Enquirer: 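The structure follows.
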Amino acid sequence: MLEIGTLLLLLLSVFSASGELQQETEQRRLPPPGKLDFGYVPAGVYETLAHYEPGPIGILFHLVQSFLRAVQPNAFPHDLIIKLAKDKFGAIQAEYQKPENIVLTLQAIYYEVGFLVCAAVGLLFAVLMPVVGLFFCMCRCCDNCGGEMHQRQRKNADCRRGLLGTLLFSTSLVITIGVLCSYAANQNLSSQVKNIRRLVNSNMRDLHTFANDTPMQIDYLISQYATAKKKVIYDLNNIGPLLGGRIQTELHKEVHPALDQVLNMAGAMRETKEALENVSVSLVVLQEGTGKLSSDLSQVRSSINRTLSDPDCYDEESDATTVQLCHSIRQSLPQLQIGANFTRLPNVNSQLERINGVVKTDLSAVVQRGFSSLNDTPDMVMEQTRSVVDSVQSLMDGIGNNISTFSKVFPVQSFLSNYTIFISHAHAKIEDCYPEIDKIDFYRWIGCIALCCMVVLVLAFNYLGLLCGTLGYDKHASPTTRGCISNTGGTMLMAGVGFSFIFSWVLMGVVTVLFLAGGNMEKLVCEPFHNKELFKVVDTPYLINPEWKNFIPGYMYNDSELELTVESLYSTCKQNRGIYSAMRLDKIFNMSSFLNTTLFTKDVVDKLEGVKIDLRGIILLEADGKQNLRDFSEVGLSEINYADYLEEVNKGVTEVDLLSFTRELESQTDLMPRGPLQTALKNHVGTLQQIHKQQVIPMEQTLSALNQSMRFLERTASDLSNKVIAVLDAVEAAQYLISQNVTLLINQETRKYTATIIGYFHQYIEWVKTSLAVEVAPCKPFSNILDTAEIMSCSFLVDSMNVFWMGLGCSTLFLLPSVILAVKLAKYYRRMDTEDVYDDSSISGTWHFTL
């Protein structure tokens, strides 16, 4: 145990200087977009499984631990042990009479009272058993204490013999179970001693793995600078799309609305041209159609008037209904004429001629050239920053060289070589101890077997005595005539009694010593180790050295105020974290100050912040485009008399709805009696229907198109000059932003781009720090050494020893009732020298003794 503790302390000392690290294997998630993936840190696999499963014998381990908790229910004496450790027991021995020392002694006695009571009982048993045995033998030699070879006849003799035999057999079974538990514990300890070499070798291989993988891991950390460098170079080579693209995106927010207004105006020009053309064509069509329609309607009116001159419409003998209908038709004929007079409307040829001149200039193409000029921003940025990019790229190798010095700060290889030699030397020394350990274990095994054989010898006499006595007993035989087998059984029981007196005090003495040693080891070492109470004692400030608050940093770094305790070190290594964070190696090698992003990237920042970008070459709208907008505002749309046009349009093609007039005429005609008059009117109805279909409907469609075009032109002409001026002002403002006021935007986006570049270095450095603290060089082998020492001392030795004394003590205690029962039962099996004989005489009624 001491050698292992020393080994652990030396290993920690070596690695406090080297600062080398390793990483446990674990699942890594893919990085989110925009983050660098540095891959997996190569890691060795530690093979030591510092965990012990005792198997079925674990039930006995838990049983004896429960017994010890019942014997010693007090809490761990944390304060008492600290006071004793600080005093080193010297003052208590030298100045025992001092009140404080008396108090400490009483506290220790109070804590140990359970063990002391049990030990007192054991010692009392060990002292009294041989004394009682001596007096018992002397008493029997005087024919007392059952030594007289005479047995009185009793009516319940068979019942008493059976009860005594059953109790003795049951007692022997309990003793057997106890000795079997002791034997199992003895064998378990011997078998586990053979596993010590496997555990030690496994720990040593893990320590070698720790040393061998550390340089590779550090080299991997350094090599991953290439990942960050590759990403930085990629972004530098694409500074146009990245930085220029950001600038372009921000400019688009201001430029796009202005150019979109120009595009809208270009669309308005095309629509205006189409509207003027539609007005011009529609006006001609309507003027021509109106003349023809007026002539046709006039002819129809004349024809209907001639038809209404028929005598049937005037003759007094004619049908009154026909006369009335004719009169109604005659009165409605004046409505049958055109409604709108399109001949008075002026044409729009002058406006159409001017708009044709305006649209000859393709304003959309001019705007697209402005967009193209803006879209050339990334190329302009790339071209203007080429020298800066080249200078930054030349700095990358220098930064890599600075980071590479990380592995050269300490002579890592020499430290690892010394560490490996130390481990190999320590392993060799441990290997030399194995023959001695095996030899000691063999003697221990022989001694434990001898103790078990003492109990087995008594058990053998008990079982043989019961067997012979039971099988050889004859209930018809008198005590003086009992058979040889029965007598042999009684003799064997008495032999067992004799050996019980001979061995019991030795057994109880051994049990008491093992009980005190194993019980206190369990309560003061093993149990506090599991609940970490032991660490609280070791980590007590100023315990080991009055000048050190924490002894590990005080011993290693000469800084006892540093928060590094045994418990924190053990817990961190138990979690398989890196030794850098576990040992607080930042006290020797401060990673945060060495891997400072500002130190490595200061020159890069200076170069990138010195970027000068000139965007005055971007022309959003050329001069001919601006002139085109001004010409559009001077087309003369405001000169058109929209009121006259809309007035005529609203009148309609005919004064009356020709289709309704025709239907009314047809319905009136149907009321007339059949005859020439009705037939003639029917023909006129057909003529009107044909005029409506061939002339009125097309004219109404043309009229609708004219109405739409005029209303569009009216909307377009409304405040057209101010609209054009507003568009030109928006373009000028956007152009001014690009030419004169874009510096602030460029500086802002350049800082963002610089932050992105520096962010890659920051990611790499933070990854290195995190890997050193968490992933690299996990110190699980060191916690495994402590766990292995606990397994060997507590699980192998103490638990087995405790089960051994528990089984042996139980067997020894039950030897006492075994002695009493065997002495009493032997009377019923042994051949007596005298017996009771009853003489059946009615006179005397006396007993006689036959010799």
Side-chain angles (χ1 to χ4, degrees), residues 33-34 36 226-260 262-263 362-400 600-626 730-763:
L36 301 178
T227 301
K229 177 182 177 182
K230 181 179 179 182
K231 182 61 177 175
V232 170
I233 292 177
Y234 175 83
D235 282 9
L236 288 173
N237 290 334
N238 290 275
I239 190 173
L242 294 175
L243 177 56
R246 291 174 180 173
I247 296 173
Q248 177 186 342
T249 300
E250 294 299 321
L251 289 176
H252 272 189
K253 297 177 182 178
E254 301 293 335
V255 172
H256 257 288
L259 293 183
D260 285 343
V262 178
L263 282 178
D362 190 352
L363 184 59
S364 297
V366 175
V367 173
Q368 291 303 323
R369 286 197 295 273
F371 276 120
S372 299
S373 179
L374 181 64
N375 293 336
D376 288 339
T377 302
D379 295 333
M380 296 174 64
V381 170
M382 181 171 286
E383 186 64 30
Q384 295 177 23
T385 58
R386 191 176 302 279
S387 60
V388 175
V389 169
D390 292 340
S391 62
V392 172
Q393 288 183 354
S394 65
L395 293 174
M396 297 301 295
D397 293 333
I399 296 175
F600 288 110
T601 59
K602 183 178 181 300
D603 293 338
V604 175
V605 173
D606 292 342
K607 293 287 185 182
L608 291 176
E609 288 183 348
V611 166
K612 301 296 182 183
I613 299 175
D614 185 3
L615 300 181
R616 285 178 292 183
I618 298 176
I619 304 298
L620 297 180
L621 189 64
E622 298 170 355
D624 56 346
K626 297 177 182 178
V731 173
E732 289 297 333
Q735 185 68 53
Y736 180 80
L737 171 66
I738 295 174
S739 302
Q740 306 295 331
N741 203 27
V742 77
T743 304
L744 180 62
L745 174 62
I746 293 175
N747 292 338
Q748 179 181 344
E749 295 303 322
T750 301
R751 284 194 295 270
K752 292 180 180 179
Y753 176 77
T754 303
T756 302
I757 296 296
I758 302 306
Y760 297 136
F761 293 102
H762 183 71
Q763 285 187 53

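Side chains included, hydrogens not; waters and symmetry mates left out as well; all remaining heavy atoms used. Bear in mind that the values here come from a model prediction, so they are computed numbers and not experimental data.
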Enquirer: For the residue pair I746 and T750, what are the closest heavy atoms and their distance?
Expert: O-OG1, 2.6 Å
Enquirer: What residues, two or more places apart in sequence or in another chain, satisfy side chain to side chain contact (heavy atoms under 4.5 Å, CB included) together with E383?
Expert: R386
Enquirer: Roughly how far, to the nearest 0.5 Å, is the CD1 atom of I757 from the CD1 atom of I233?
Expert: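 Atom-to-atom, I233:CD1 and I757:CD1 are 10.0 Å apart.
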Enquirer: Which heavy atom of Y753 sits nearest a heavy atom of L243, and at what distance?
Expert: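 Heavy-atom minimum between the residues: CB-CD1, 3.9 Å.
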Enquirer: Please report the closest heavy-atom contact between L745 and E250, naming both atoms and the distance.
Expert: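 Reported closest heavy-atom pair: CD1-CB, 3.4 Å.
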Enquirer: Checking T227 now: which residues fulfil side-chain hydrogen bond (donor to acceptor under 3.5 Å, both in side chains) with it, not counting sequence neighbours?
Expert: Q224
Enquirer: Does anything in residues 232-243 pair up under salt bridge (Lys or Arg N to Asp or Glu O under 4.0 Å), and if so which pairs, sequence neighbours excluded?
Expert: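 For residues 232-243, and leaving out neighbouring residues, the salt bridge (Lys or Arg N to Asp or Glu O under 4.0 Å) pairs sorted by first residue read K231-D235.
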Enquirer: Can you name the side chain to side chain contact (heavy atoms under 4.5 Å, CB included) partners of P241, sequence neighbours left out?
Expert: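 Residues passing side chain to side chain contact (heavy atoms under 4.5 Å, CB included) with P241: N238, M382.
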Enquirer: Quick one: side-chain hydrogen bond (donor to acceptor under 3.5 Å, both in side chains) partners of N237, sequence neighbours excluded?
Expert: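 With neighbours one apart ignored, the set is Q393.
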Enquirer: According to side-chain hydrogen bond (donor to acceptor under 3.5 Å, both in side chains), who are the partners of Q368, at least two apart in sequence or on a separate chain?
Expert: none
Enquirer: List the residues meeting side chain to side chain contact (heavy atoms under 4.5 Å, CB included) with K752, not counting sequence neighbours, and say none if there are none.
Expert: R246, Q748, E749
Enquirer: Can you list everything that forms a ring-ring contact (aromatic ring centres under 6.0 Å, His included) with H252? Sequence neighbours excluded, please.
Expert: H256
Enquirer: How close do I239 and V381 get, heavy atom to heavy atom, and via which atoms?
Expert: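 Scanning both residues completely, I find the closest heavy atoms to be O-CG1, 4.1 Å.
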